[in-house]
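Just so you know, these numbers use all the heavy atoms, side chains as well, and skip hydrogens, waters and symmetry mates.
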Amino acid sequence: MTSAAEWKEKESQYYIHTFNRQPMVIERGEGVRVWDTEGKEYLDFTAGLAVNNLGHCHPAVTEAIQKQAATLMQTSNLFYTIPQLELAEALVENSCMDKVFFANSGVEANEGAVKLARKYGRLHRDGAQDIITVLNSFHGRTLGMIAATGQPAYQQAWLPLAEGYTNVPYEDLDAIREATTDKTCAVMVEVLQGEGGVNVPTEGYLKGLREWCDENNILLIFDEVQTGMGRLGSLWGYERFDVEPDVMTSAKGLGNGVPIGAFMCKDTCDVLEPGDHGSTFGGNVLTTAAGNATVRYMVENDIPGHARKVGAYLESKLEEMRAARPDVVKGYRGMGLLIALLLQNPIAPAVVAAANNEGVLLNPVLPDAIRFMPPLIITEADVDECMEKLNRAIDTVVAG
Ligand SMILES: *Cc1c(COP(=O)(O)O)cnc(C)c1O
């Protein structure tokens, strides 16, 4: 058997080194747990980066993939296909959106949303083509989306940046107003910043954006790549804030593990026409069959409602942890099952490494913050187990 050390050696020999990975080789997953090549079991509070929302290898999704893989794998968009239209229907019937286009990832969905906004600006706002985004955001890694992503760390090495993006401070409506010109066609934000450290906007921020966009005939784009598909305790994040966007993107949890993305729009801005956009794989029958099974299972079984309840339980446990060891834990923030534990010191990577040893997977989203993004199907007992293991991990790190 090839050992973990040997796989690591192969990675450094064959794979372009852009990831600083945890040392384990993960081989198998089921529900809320995964196993590495040494047979060690982990409770997975990373869920493939907020992807496996129904848990690993959910039977409803696995069955849909197996059936589709034996029926038809790819046709391109030269033809109509059934899973694509079934998923489109499921998304429209369960959101405030009217139309859908499928891509293969989150970043690609965002690129499509920006193309749609620019077409809208060309047709309905005198040729406006600029997009306002906010600092500390994350919209993906293409040359276009690093310009949208308001984090210098993602941008500086890749100059010149794509034109037409302005990054303004987060949670600052005046900054949005000041940055708006007659060239602005859209404002794009996450409803809650995931990669930026799980930053929840204050009451009124998204509503204020909605009003500003309405007054100025500017599209409001919500990047729900991370916050959608039940993550915040409602199928879509915008529901928790009671603000509807004009355009919305989804990806991560959409296929419960298969690579799929989508951008959606209201009829009022459904401006793309034949030839404007396309994709060889986007809307592929295999990925949309998985997506269709995922969305329908999630809706029929009210998984978002479950996520909201268990999320509240997780928050109560984090509050207990804060009260018990204020020297280490500063607090927590988040919504549904996207929560960050805030630490007094930049020990998050060390705590996560120690938590791996204890058998729970977590994500050090910032040097001093640990992100929880488990499968939405976790139980209170899973949360208790996570807390026990995390407490032991913190003990190890603090004891030095
Ligand atoms: C992960 C993420 C993306 C990028 O998605 P990819 O599938 O990695 O391209 C974009 N926006 C948000 C909010 C994300 O969390």
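Taking the centre and axis of the six-membered ring of Y15, the NZ or CZ atom of R21 falls inside the cone set by 45° and 6.0 Å. Seen from the ring of Y313, K309 does not count as a face-on cation partner, given the 6.0 Å and 45° thresholds. A cation-pi arrangement, defined by a distance under 6.0 Å to the six-membered ring centre and an angle within 45 degrees of its axis, is present between R118 and Y165.
Within a 6.0 Å sphere centred on CG of D242, other residues, nucleotides and ligands contribute 12 heavy atoms or fewer.
Side-chain N/O atoms of Q68 and T71 include no donor and acceptor closer than 3.5 Å. With no hydrogens or angles considered, a side-chain donor-acceptor pair links N110 and T249 at under 3.5 Å.
Look at D44 and R33 and you find no salt bridge, because none of the NZ, NE, NH1 or NH2 atoms lies under 4.0 Å from a carboxylate O. Electrostatic pairing of R392 and D395 does not count as a salt bridge here, judged by no charged N lying under 4.0 Å from a carboxylate O. Ionic pairing of E320 and R325 is not present here: no N-O contact between side-chain nitrogen and carboxylate oxygen is shorter than 4.0 angstrom. Between E244 and K266 there is a salt bridge, with a side-chain nitrogen of the basic residue lying less than 4.0 Å from a carboxylate oxygen of the acidic one.
E63 meets the side-chain contact (heavy atoms from CB on, under 4.5 Å) test with no other residue; sequence neighbours excluded. The side-chain contact (heavy atoms from CB on, under 4.5 Å) search around A307 returns L337, L376, not counting sequence neighbours.
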Requested in this report: Show your working on side chain to side chain contact (heavy atoms under 4.5 Å, CB included) between N53 and M298 and close with a plain yes or no.
Outcome: CA-CA 9 Å; N53 289 5; M298 188 170 281; 3.9 Å; yes

Requested in this report: Go through the steps for V247 and L220 under the test side chain to side chain contact (heavy atoms under 4.5 Å, CB included), then give the verdict.
Outcome: CA-CA 6 Å; V247 180; L220 181 57; over 6 Å; no

Query - Stepwise side-chain hydrogen bond (donor to acceptor under 3.5 Å, both in side chains) test for Q84 and N77 - result: CA-CA 10 Å; Q84 179 183 104; N77 286 297; 2.9 Å; yes

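The only option from V114, D223, T133 that meets the side chain to side chain contact (heavy atoms under 4.5 Å, CB included) definition with M145 turns out to be V114.
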